[in-house]
Amino acid sequence: MAISWKTIPLHHKILAGLVLGALFGALFKVDKYELEISHAVGRTVEATVVSRWETVAFVRDTVVLETFGREDQLRILQAYRRLPKADREHLTVMVRSAQQESSPPLRIDNVRGIEKVKTIAMTIKPVGTIFIRLLMFIAIPLVLSSLIVGAASLGDIRRVGTLGGKTVLLYMVTITSAITIGLVLVNLIEPGTRLTADVLEKLKMEFQPDIQSAIPPIDLIDMVVNIVATNPINALANGEMLQIVFFALMIGISLTMVGEEKAGPVIRFFDGMSETMIKMVGMIMAIAPYGVFALISATVGEFGFDILETLVWYAVTLVLGLILHMVGFLGMLARFYSGIPFRKFFSGLREVMLVAFTTSSSGATLPVNMKACENNLGVPKKITSFVLPLGATINMDGTSMYQAVAAVFIAQVYQMDLGLAEQLTILLTAVLASIGTAPVPGVGIVMLIIVLRSVNVPEEGIALILGVDRLLDMCRTVLNVVGDAAVATIVAKSEGVLGEQGKG
Ligand code: ASP
C-alpha cells in the first residue's frame, strides 16, 4: 500500500518533525566563535561578521570597559546587553584576530547591536512561534469558558466543593510524590558534589550577572492576595492564570444559584465558546509537525546539547526522576485506579507529550490535552473542562520536582548540609511554588527563588543552572501535563463516568 503524507497519523508526523528538527538544528548550529556586529556608518547601519578572535574589547572614548577572550561569545552578548545606555550608544568594539596577531586590531565604531550569527535553523523559528501563539490564544478563552461551564454544570456549590476538593487533593498527592522522588534521587546521586572547579567558575562567570537583574521580589502573602483580581478584564488581558481560574469558578458557582432562566443562556454561550476553541485545536494541530520542527531546530541550533555536558549529573538526576514519576507513579495510578492499560494511557497522550515538550508550556498544551483526554482516554467533557484548566494552572509535578532537585543541587554545590527539616521545608514551598508558577516557558526558574529563600540557599546559585534550563523546561512540562491527565482519569473514574475509550 502506498504511504501518503495524509494517511500518516498526526503523532508520527509530529515525532518526525521533532527528530528532523533536532538533526537540522544540530547541522546548522550557531558558531560559538562568530558574532555579527551592526554599526552605524553615516546614516545607514551595516553589519560586520567577526570570527575566531583572540580578544574582543569594549571601548568607550579611549577607556577600555571590558576585554574578552576566545571562548567568551556568551559573555560578550551578555555584557553588551547590560551596558549602561550611555556606554552602549558610544561603543567601539576592538577585535584582535587570532590569525594576524601582529596586525592592528579591527576597530568597529558606533556599534548598534551585537548578536550571534543566525543560521537557517534559527531563521525558521517564526513558523514555530506562530504555532505556539495559536495555541496560546486559545488557552485563555478556553480556561475561562470551560471552567465556567465545568463549575456551573456541577449543579450546586456543594458538588463544586466536593469535586474541587477531590481534584485539588489528588493534585497535591501527585505533586508531593513528584517532589519526594526528586528529593530522594538528588540526595542519593548528589549531582552537586560532582562538578569540577573549572565548570563551576565558568558557569558563575557567564550567568551570575544576569541573575542579579532578574531576581524579582516575591512575597507569599502577596501571591495569595493576588489570586483575587480587582479587575477581571485586566486579568484576562494579562493572562493572569490564577486570577482567571478564581474568576471563572466564582462565575460558575454563582450561575448555579440564579435559576435556569437567567443561567441557561449564559452557560450555553460559554459552552459554545469552549466547544469552538476545542474545534480550533484540530485545525491548529495540522501545522504542528512544521511548528515542532521549527521550534526544535531553533533551540538545538542556538543552544546545542553541549551545555548539558557540564551539568550532566544534575540533568540525569532530574530526567530520571521525571521518568520514574511519570511511568512508575502516574502510569500505575491510571492503570490500577482508572483501569486504563499502561500503553493505552501513554499512547493516548502521545500528541500531548510532544506538544508539551516542544512548546514548554502547559498553557499552550491545555487544548490538546483536553481533546486527547476526551477522545482517547474516555474522560467526559464535564470532567476535563473542570479538572484540566485547574491542573494546568496549579498542578505542576515536573516543575515542583525540578524546584526541589535544583534547590538541593545548588545547596550541595555551596556545600550546605540540608537536614530533614530543611528538606521538608523544600517540599512544602515547592508545592506552593508549583501552584504559583504560570503555565508558560521558563517561569519555574523564577519561582525557584521562593524555594531557595525558604532554606537560605543563595539565590545566585540559579546562575549554575540557567544555561540548561531551556532544555529541562521542555522535559518538566511533559510531566506537568501528564500529571493533569492522570488526575482527570482518576476523577472521572471515581465519579463513575469514565468512558470506554480508555479501556484496553
Ligand atoms: N514551562 C512550565 C509549564 O508551562 C512551567 C515551568 O516550569 O517553567 O508547565
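In listed order, ligands and their atoms are each counted from 1.
Within ligand 1, counting atoms from 1 as listed, the ones closer than 4.0 Å to a heavy atom of P441 are 1 (N). Contact atoms of ligand 1 toward N480: 2 (C), 3 (C), 9 (O) (distance under 4.0 Å to a heavy atom of the residue). In the vicinity of T399, heavy-atom distances shorter than 4.0 Å reach the ligand 1 atoms 5 (C), 6 (C), 7 (O).
Looking at S361, S360, S362, it is S362 that brings a heavy atom closest to atom 9 (O) of ligand 1.
At a 3.5 angstrom cut-off on N or O pairs, G363 does not count as close to ligand 1. Between P439 and ligand 1, a contact under 3.5 Å exists for at least one N or O pair. Residue T477 places at least one N or O, backbone or side chain, under 3.5 Å from an N or O of ligand 1.
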Next item on the list: Check step by step if side-chain contact (heavy atoms from CB on, under 4.5 Å) holds for I287 and L134.
Entry: CA-CA 10 Å; I287 66 158; L134 281 168; 3.9 Å; yes
Next item on the list: List the steps, then state whether side chain to side chain donor-acceptor pair (under 3.5 Å) holds for T429 with R453.
Entry: CA-CA 10 Å; T429 38; R453 279 188 193 157; over 6 Å; no
Next item on the list: Decide side chain to side chain donor-acceptor pair (under 3.5 Å) for N376 and E351; before the verdict, give the C-alpha distance in whole Å, the side-chain angles of both, and the deciding distance to 0.1 Å.
Entry: CA-CA 11 Å; N376 307 341; E351 275 169 28; over 6 Å; no
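Taking atom 5 (C) of ligand 1 as the reference point, the nearest protein heavy-atom neighbour is V440 O, 3.5 Å. For atom 6 (C) of ligand 1, the nearest protein heavy atom (residue, atom name, distance) is G444 N, 3.3 Å.
In summary, K166 and E495 engage in a salt bridge, as defined by a charged side-chain N under 4.0 Å from a carboxylate O. Taking the charged nitrogens against the carboxylate oxygens, R476 and D469 do have a contact shorter than 4.0 Å, which makes a salt bridge.
Note: F24 and F28 have tilted aromatic rings, judged against thresholds of 30 and 60 degrees for the angle between ring planes.
Ring centroid separation for the pair Y290 and F131 does not come in under the 6.0 Å cut-off.
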